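Right, one structure below, let's go through it.
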Protein chains: 2
Amino acid sequence: MTDSITNRDLPLGVEVRHLAALEAIALTSSFSQAAVLLGYAQSAVSQQIATLERAVGHKLVERPGGPRPVSLTSAGEVLLRHATHITARLGAAKADLDALAAGDAGALRVGTFQSASARLLPPTLSRFRDNWPRITVELRNERRSADLEELVRAGQLDLAFTDTGLFAAPLKGAELIVDPYVVMLPPNDPLAEADELDLGRLDGVRMISGSADDTCEARVFSAIERAGVRPQTIFRSDDNLTTQRLVASGMGIAIVPLLAVELFVPDAAVTVLPLAPNQRLSRSIGIVWHEDRYHSRAAEAFVETAIDVAGGIGLPHIPVITSRQRSVLV
Amino acid sequence: MTDSITNRDLPLGVEVRHLAALEAIALTSSFSQAAVLLGYAQSAVSQQIATLERAVGHKLVERPGGPRPVSLTSAGEVLLRHATHITARLGAAKADLDALAAGDAGALRVGTFQSASARLLPPTLSRFRDNWPRITVELRNERRSADLEELVRAGQLDLAFTDTGLFAAPLKGAELIVDPYVVMLPPNDPLAEADELDLGRLDGVRMISGSADDTCEARVFSAIERAGVRPQTIFRSDDNLTTQRLVASGMGIAIVPLLAVELFVPDAAVTVLPLAPNQRLSRSIGIVWHEDRYHSRAAEAFVETAIDVAGGIGLPHIPVITSRQRSVLV
DNA sequence: AGCTCGGGATCAGTATCGCTGATCTCTATT
DNA sequence: AATAGAGATCAGCGATACTGATCCCGAGCT
């Protein structure tokens, strides 16, 4: 370590409230609005920024004068990036200390994405509630699992489900389940005759895909590419059940993680096939948290419960079952 | 976003200097020593902590009374983790603003690890110096590339070479070169007869390995495991050249990245063989930086130079050359 | 042009805050 | 018991971070 003590004293006089002021200004593009946001008089904010600018030795805010909105200079932008992280971190610290104080009560902020919510979350939640009745679980749904990780990193979430499969610092995590990709077909599709699907047969086939920026979609796309075929995407859908309904109505096929398939929805009956053995594709669903943050006993218990539930879903079963009696529909 | 504005005002009155005080106490286990460290009187620190404790509503420091050293409570530990990151972040902000001000002068803190330093760094450095003479490059060597990434994350380094091959947030990076693993053999070793080495032949063979906690070593180990053999590690060495000398003196063989091999050291002549085609193993060497930090033009240029140099090293060549005239020694 | 208005800077004044230095208290040591 | 070392406490002062009033400036209106 080059030694953080000797160079820590350098940011002489920079204090949290200055950074908060900078953020408020960035947000509102106005000193006076920033002031009301922070509960100060306008002159206070004006002086705070002046002090901050003196402290760091840079002009941070561009004041065009007159009624025009103010903006950050490039130095201001640079500092702002750090400021947001610092205040976020402080918020996280507060949350941690609250959680510590709350003990077995308090809140647990959990992030989920669609297909985790569908199958994994309800049983986890209900079992968790039985054992930790005084914990309020606050759920937050995001479309992309990467966004959830970002929220955990920023301290806005205590736990998040993820399907990226990697727990790089500052994230720690546990793997819950390996979820194989399967093909959803209209029940009477000719491709449904086989016991499995070879991606090579998808040339020109009509497909319902996920959003282009989805990790799932990326995985599927690269697998298809690897197989050297070009199906045609006739529709993109964010929503698993929508996709399934589209498939059920015969519009095309879809390749989705098994957990995303709703087997028992009457009007969305589809046939599910595994992929050919040498083309097997899967995602690993896990749960992550921030290594630096206080991991309450409740959070710990939530993770344990999730692991337990995931084990109970019995991944070994499902693909076997589905591939046998491969047309599963009500 | 749940909105960082509404809950930002919660850490009422917590300021940077309080966190700095907490850190100093954690470091010294003493109020008075913390005070001299920070340049305050002892009473000041005492009051700062008191204020901080009042602000967060937790006892943070355990004062056993008398001459016994103080320690942090669990709440103190929790807060400390955040505090270190916050102050580190502030330091990074300072460094960024300095770099911004310095323009084409100033410092660039670059992290390296052994085998990157050996081959990639010198030409990069010399070319960089030609174009950016006023930039001081501060080098820092770490044994493990993961540690370097940690330093970049903490803002202690502006750039770092890496061999983990992944640029997960908050790190961004560029790939420089793919470095294949090769076998180093004593020149007269019977295994050196072949044009390549099949890991399957390593059962019981004496090996010089790397440290057990090294990523390189982990990769090699798992490849060997996959091949289903059990060589015997007779020695572990951190130092590439030491390893090579040990091999040269006939003590055993070693599997190392090609860039780690010193081809022209007189008293360390070894034979180098590629691995069998289906057992090819490589690492990807890249260079990383922090996505939130100010990426100066100099840093940008350094990356470009490194990419350029890496391209010039001509990875295509070397393995071919070595496998042909496979005994390379002076 | 001149006027007006919105928004930031400035300034005086004050209440607060944060530091120092001296003193007090406590506990382990002798 | 006396001592020494370490933190808490307190008075006091100097710095500072607010408020509120005022000034200043540029854009847009008439």
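We name chains A, B, ... by the order of the sequence lines, and we start the count at 1 in each one. The model shown is predicted, which means the values in this text are computed figures rather than measured ones.
Put simply, OH on B/Y40 is 21 Å from C1' on D/dA6, counting in whole angstrom units. Rounded to a whole Å, the CZ atom of A/R54 is 12 Å from the P atom of C/dA9. As rounded to whole Å, 16 Å separates atom C1' of C/dT10 from atom CD1 of A/I49.
Side-chain contact between B/I287 and B/F302: present, with at least one pair of heavy atoms (C-beta onward) separated by less than 4.5 Å. At least one side-chain heavy atom of B/F161 sits less than 4.5 Å from a side-chain heavy atom of B/V110.
Each end of the helix from C/dA1-D/dT30 to C/dT30-D/dA1 yields a helix axis from five base pairs, and these two axes differ in direction by 20° (to the nearest 10 degrees).
Classified by interplanar angle (parallel below 30°, tilted 30° to 60°, perpendicular above 60°), the ring pair B/H295/B/W289 is parallel.
Put simply, B/S46 has a side-chain N or O that comes within less than 4.0 Å of OP1 or OP2 on D/dA8. Taking 4.0 angstrom as the limit, A/S43 places none of its side-chain polar atoms (N or O) nearer than this to OP1 or OP2 of D/dT19.
In this structure, A/E53 contributes its side chain and A/L60 its backbone to a donor-acceptor pair below 3.5 Å.
Nucleic acid contact for B/S32: sugar-phosphate only, since backbone atoms but no base atoms lie under 4.0 Å from a heavy atom of the residue. As judged by a 4.0 angstrom heavy-atom cut-off over every strand, B/S30 is placed among residues touching the sugar-phosphate backbone only. B/A41 comes within 4.0 angstrom of the backbone, heavy atoms only, and of no base.
A salt bridge links B/R140 with B/E142: at least one charged nitrogen is closer than 4.0 Å to a carboxylate oxygen. Using a 4.0 Å cut-off between charged side-chain N and carboxylate O, A/R153 and A/E150 make a salt bridge. Using a 4.0 Å cut-off between charged side-chain N and carboxylate O, B/R81 and A/D96 make no salt bridge.
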Its contact letters, B for base, S for sugar-phosphate only and - for none at protein heavy atoms under 4.0 Å, make nucleotides 12-17 of chain C read ------
Its contact letters, B for base, S for sugar-phosphate only and - for none at protein heavy atoms under 4.0 Å, make nucleotides 23-30 of chain C read ---BBS--
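No option in B/R143, B/E217, B/R236 other than B/R143 meets the side-chain hydrogen bond (donor to acceptor under 3.5 Å, both in side chains) test with B/S211.
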